There are 2 protein chains.
Amino acid sequence: MRSLLLERAAHMLRTRAPVTLRTLVAGTGVSTMAVYTYFGGMDGLWRALRQEGFSRLTAGLAAVGPTADAVRDLAALGAAYLVNAVESPDLYRIMFDAGFDLEDPGAADETLHSLVRTVERATADGRFAAGTDPLELATQSWAIGHGLASLVTSGPLPPAALAHGVPMLTALFTAAGDEPGRCRDSVARGWAGLRTAAP
Amino acid sequence: MRSLLLERAAHMLRTRAPVTLRTLVAGTGVSTMAVYTYFGGMDGLWRALRQEGFSRLTAGLAAVGPTADAVRDLAALGAAYLVNAVESPDLYRIMFDAGFDLEDPGAADETLHSLVRTVERATADGRFAAGTDPLELATQSWAIGHGLASLVTSGPLPPAALAHGVPMLTALFTAAGDEPGRCRDSVARGWAGLRTAAP
DNA sequence: CACTATACATAACAGTGCTATGTATAGTGC
DNA sequence: GCACTATACATAGCACTGTTATGTATAGTG
């Protein structure tokens, strides 16, 4: 029942149907109280959806198999991040919407950690300068990805603006010590995985 | 009356008091209908608040007087942008919250335009490569600013993370053709205006 | 001075999340 | 097998939300 409600909520989110306590349980044959036994209220449902969103994101990032080129992998992670955000924008909005704030700090940690590991690999491979702080560079990559994803899903920028990720990440990685030409090539190859799902 | 309601709503937003139709008019001696005559409903109030937010942001950016160093000014614009977002996070959230989407496209245009003009100035001064697309670089700077502002005001990153703006903008501007050492210096000087208001 | 439009007030309506209270079922100790 | 208890719901109602239908007083206008 719990997962049924979660799936239904996710589906209503995708179809842009308003997700309210009563519209959620309508059709399931179950009453409004079920939401309280399983989630403790609507806030609990949103939290569960948020975790679901991060789980889906983590899975999407994990699908970016590590290759010999760690810089390519970093760009591929960025592309996968954007694809995830654009394909389910409502879920993405919930994930980064304040209001629940500080309820489960570190929900996004796994996302950041996969970036950190890849930066470390790139540094170990000699692509970035020896003194590079992995967390710092990973955070900056994340900020770029989130900035683009947020501006596109919120409306101000058209979906085509996602392409800015290529020069931005290239600039960031080059500044971290990677050789410009090789960096551009790696990022372009990693970015090739970006495909916006046709409606 | 209209501006009284707007100011009151902005104040309630600042003090984190829930802004509802009835709490808004309570104490003003006026009834709920006033909101409908002036704003056409709560959605209209949010739209007005959003415009208020953009006006305040535009004013904040305009206060960054142009100096002889256009790259410094670009960084100063970024810092001013972040200060504005962090000082009134709720207003910032409303500005970039979807839901009203596409109601007034181009509300953020003035924000972007001030960046575009400064990029053009920097290019004319020979700081950026001749072929630099001003809109492109301005958009990328915006994405960095918004990414940091959003992640900080939403919770995942601590306020100290705003400092990432310096290396990120430096990397971006250097990639655009500016000389690394001089760029770092300009950005640092422009960033010096960033002061988080003490609570 | 009649007429009309504006600017509200009053009251009610449907919808929201939530809770208090009931009930049926499943598990558990004896 | 049987009382006992906890779980998993259902039913009904509460306080609150935004919205609207209707009234009314005032200001402007021919």
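Every chain is numbered from 1, with letters handed out A, B, ... down the list of sequences. Computed from a prediction, not measured in an experiment: that's the story for all the values here.
A/Ala80 and A/Leu61 make their closest contact through CB-CD2, 3.9 Å (heavy atoms, listed as atom of the first residue, atom of the second, distance). Of all the heavy atoms in B/Met12 and B/Val19, the pair that sits closest is CB-CG2, 3.8 Å.
Taking the side chain as every heavy atom from C-beta outward, A/Trp191 and A/Leu82 approach each other to under 4.5 Å.
Sequence order on DNA chain C of the closest nucleotides to A/Thr32 and B/Gly29 puts B/Gly29 first from the 5' end.
Side-chain atoms of B/Thr139 and A/His164 include no donor-acceptor pair closer than 3.5 Å. Side-chain atoms of B/Thr118 and B/Asp73 include no donor-acceptor pair closer than 3.5 Å. Remark: the A/Arg127 side chain and the A/Ser186 side chain contain an N/O donor-acceptor pair separated by less than 3.5 Å.
Looking at DNA chain D, the stems built from 3 or more consecutive Watson-Crick or G-U wobble pairs, each pair with its key distances under 3.5 Å, are C:1-30 with D:1-30.
Protein atom CZ of A/Phe39 is 13 Å distant from nucleotide atom P of C/dC18, rounded to whole Å. Atom-to-atom, CG of A/Leu5 to P of C/dG17 comes out at 13 Å; the value is rounded to the nearest Å. A/Met33 has its CE atom 12 Å from the C1' atom of D/dA12, to the nearest Å.
A salt bridge is defined here as a Lys NZ or Arg NE, NH1 or NH2 lying under 4.0 Å from an Asp or Glu carboxylate O, and A/Arg47 with A/Asp43 fails to meet this definition. By the 4.0 Å N-to-carboxylate-O rule, A/Arg121 lies too far from A/Asp125 to be salt-bridged with it.
Among the atoms of the strands shown, none is found under 4.0 Å from any heavy atom of B/Val35.
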Going 5' to 3' through nucleotides 13-18 of chain D, assign each nucleotide B (protein heavy atom under 4.0 Å from a base atom), S (under 4.0 Å only from sugar-phosphate atoms) or - (no protein heavy atom that close).
B---BB
